[in-house]
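Just below is one structure, and these are the notes that go with it.
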Amino acid sequence: MKIERVELREVALPLVTPFRTSVGSQDHRNALLVQITTADGVIGWGECVAEDDPYYFAEYLSGEQEVLRRWLVPTLAAESDLRAAHVPGLLRSLRGHTMAKAAIEMAVLDAELRALGVSLARHLGAVHTSVPVGVSVGIMDTLDALVDAVDGYLVEGYVRVKLKIEPGWDLEPVRLIRETFGPDLDLQVDANTAYGPNDIPYLRRLDDFGLVLIEQPFDPDDLDSHVRLAARVDTPICLDESIRSARDAATALRIGACSIVNIKPGRVGGYLESRRIHDLCQATGVPVWCGGMLETGIGRAANLALAALPGFTLPGDISATARYYERDITAPFVLHEGRLAVPDGPGIGIEPNPDDLEAATTSVDVLTF
Ligand code: NPQ
Ligand code: MG
């Protein structure tokens with residue numbers, strides 16, 4: 001294909017309820033959508049999952065937009081016979097910015113698959129038509145509010161609960177949720193790097209609660225502390241922020257820093273790299289699951305395709321649209337018995353609704369070639 005036009009569109013979506021983690025609180029999501037049009041008139045959609053600020057990850061939305069506009073898009077637009085599989089190689093000499101790279105690769109892949117009439121799920125090797133999903137529950141002001149929130153999600157049908165934790169909001173809420181909802185609840189925690197090496201003896205106490213996993217307790221670069229914690233707890237350690245590529249995943253697994261991997265396509269540079277991580281984990285029996293970045297329906301659709309691969313043996317943070325948004329830019333994804341359907345139309349299998357897209361738009365930047 002040849003890229004003829006690229007639209008970088010910012011949208012603002014209010015959250016149904018504020019989402020608080022150890023790195024901050026949000027009441028709305030600003031997202032960056034990438035729409036490409038090829039010389040043949042085919043359209044492809046991508047979503048950049050960077051947040052406004054560099055708290056969860058170094059990359060941030062306006063920075064990624066700049067990187068796309070100045071370097072990534074012009075590099076790809078210079079190709080007369082562009083293929084999605086070549087995108088990582090073409091962008092390799094531009095350092096970092098995995099979230100911007102993932103967004104443009106996704107748009108190219110979507111356009112390519114739409115032209116072929118093949119779904120992303122089928123292209124990636126999906127083996128399921130629907131997937132069980134979990135819910136990520138933010139830090140709350142009170143324990144009562146937490147119990148109410150978890151209860152509501154379980155009534156809706158979510159099959160696993162992830163509690164965000166930080167020092168001062170950890171053992172007590174975890175114990176309470178375990179005691180309230182019983183031993184059969186699949187429960188896990190995510191610290192978003194809120195602890196340090198001195199907390200290892202304290203974190204061992206999480207072993208009392210039968211958790212599925214402990215996600216990213218320490219700094220992204222501090223694999224060593226994860227190795228030491230993993231050796232001292234029975235609960236599996238899972239890495240999120242530390243894994244920026246398939247190579248990172250291979251290293252972390254080899255040295256024992258984790259035994260489960262959270263795959264977020266934005267964080268690792270795209271769906272193709274995500275499949276590579278899936279493949280290497282599957283080959284060694286390491287469970288993987290799909291993380292969430294409060295995606296719009298565009299990113300949510302693509303994540304469902306990825307989560308339908310056979311090695312995704314744990315439910316992902318791919319909740320129903322209503323968990324996050326009253327009004328998304330696409331048709332909502334609705335939970336049925338704890339599962340979401342994997343889109344099966346060409347490409348990512350969904351498009352924005354023009355009215356909803358227009359209503360949410362805060363800026364549009366058009367690049368033509
Ligand atoms: C995680 N996500 O697993 C992340 C982190 C996260 C669903 O728990 C705005 C956009 C706010 C993306 C807060 C979940 C966010 C965000 C947290 C991602 O660590
Ligand atoms: Mg996480």
Side-chain angles (χ1 to χ4, degrees), residues 10-33 47-62 64 98-99 102-103 133-140 146 149-150 153 158 160-166 169 187-195 211-220 226 236-244 248-249 252 258 260-268 274 288-300 303-304 307 314-325 328 333 340:
E10 279 186 281
V11 295
L13 300 176
L15 293 170
V16 291
T17 165
F19 188 56
R20 180 172 156 209
T21 73
S22 66
V23 298
S25 183
Q26 313 240 170
D27 63 8
H28 70 287
R29 176 63 158 133
N30 287 328
L32 177 64
L33 300 176
E47 176 169 348
C48 178
V49 299
E51 295 178 63
D52 289 345
D53 309 307
Y55 290 116
Y56 162 80
F57 204 65
E59 299 167 12
Y60 61 98
L61 204 69
S62 58
E64 295 314 276
T98 54
M99 289 177 170
V133 294
V135 61
S136 176
V137 184
I139 295 165
M140 309 250 161
L146 178 71
V150 170
Y153 292 131
Y158 288 102
R160 124 357 213 155
V161 169
K162 161 166 138 181
L163 301 183
K164 291 289 187 178
I165 60 168
E166 66 181 4
W169 184 268
L187 184 64
Q188 62 195 54
V189 295
D190 185 0
N192 287 112
T193 76
Y195 297 87
L211 301 176
V212 176
L213 59 86
I214 300 168
E215 183 176 346
Q216 197 72 44
F218 309 120
D219 275 355
H226 290 97
I237 303 301
C238 172
L239 290 176
D240 172 354
E241 287 91 328
S242 295
I243 307 298
R244 302 173 182 100
D248 282 351
C258 68
I260 297 178
V261 177
N262 168 331
I263 301 182
K264 287 179 182 167
R267 202 193 60 232
V268 303
S274 296
V288 301
W289 55 283
C290 185
M293 290 294 289
L294 281 57
E295 287 86 353
T296 73
I298 297 295
R300 203 168 296 277
N303 284 350
L304 284 164
L314 294 171
D317 282 344
I318 316 176
S319 299
T321 302
R323 154 69 182 90
Y324 291 112
Y325 306 116
D328 197 347
F333 289 89
L340 291 180

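Residue indices begin at 1 and follow the sequence shown. Just so it is clear, the structure is predicted and the values come from calculations on it, not from any experiment. Basis for what follows: all heavy atoms, side chains included, without hydrogens, waters or symmetry-related copies. As the structure lists them, so they are numbered: ligands from 1, and atoms in each ligand from 1.
Under the 4.0 angstrom criterion for non-hydrogen atoms, Glu215 is in contact with ligand 1. The shell of residues lying under 4.0 angstrom from ligand 1, judged by heavy atoms, excludes Phe57.
The protein heavy-atom contact nearest to atom 15 (C) of ligand 1 is Glu51 OE1, 3.5 Å. The single protein non-hydrogen atom nearest to atom 19 (O) of ligand 1 is Asn192 ND2, 2.8 Å, given as residue, atom name and distance. The nearest protein atom to atom 2 (N) of ligand 1, hydrogens excluded, is given as Gly292 O, 2.9 Å; this is a heavy-atom distance. For atom 3 (O) of ligand 1, the nearest protein heavy atom (residue, atom name, distance) is Lys162 NZ, 2.9 Å.
At least one N/O/S atom of Glu215, from backbone or side chain, sits under 2.8 Å from the Mg ion (ligand 2). Note on Asp190: counted as a metal contact of the Mg ion (ligand 2), an N/O/S atom lying under 2.8 Å.
Between Leu211 and Val189 there is a side-chain heavy-atom pair separated by less than 4.5 Å. Tyr60 places none of its side-chain heavy atoms less than 4.5 Å from the side chain of Glu51.
Using a 4.0 Å cut-off between a side-chain N of Lys or Arg and a carboxylate O of Asp or Glu, Lys264 and Glu241 do not qualify as a salt bridge. Ion pairing between a basic and an acidic side chain is recognised when a charged N comes within 4.0 Å of a carboxylate O; Arg300 and Asp317 show no such pairing.
With a 4.0 Å heavy-atom cut-off, ligand 1 is reached by no atom of Gln216. Contacts between Val49 and ligand 1, counted as non-hydrogen atom pairs separated by less than 4.0 Å, are absent for every part of the residue.
Asp328 and Gly297 make their closest contact through OD2-N, 2.8 Å (heavy atoms, listed as atom of the first residue, atom of the second, distance).
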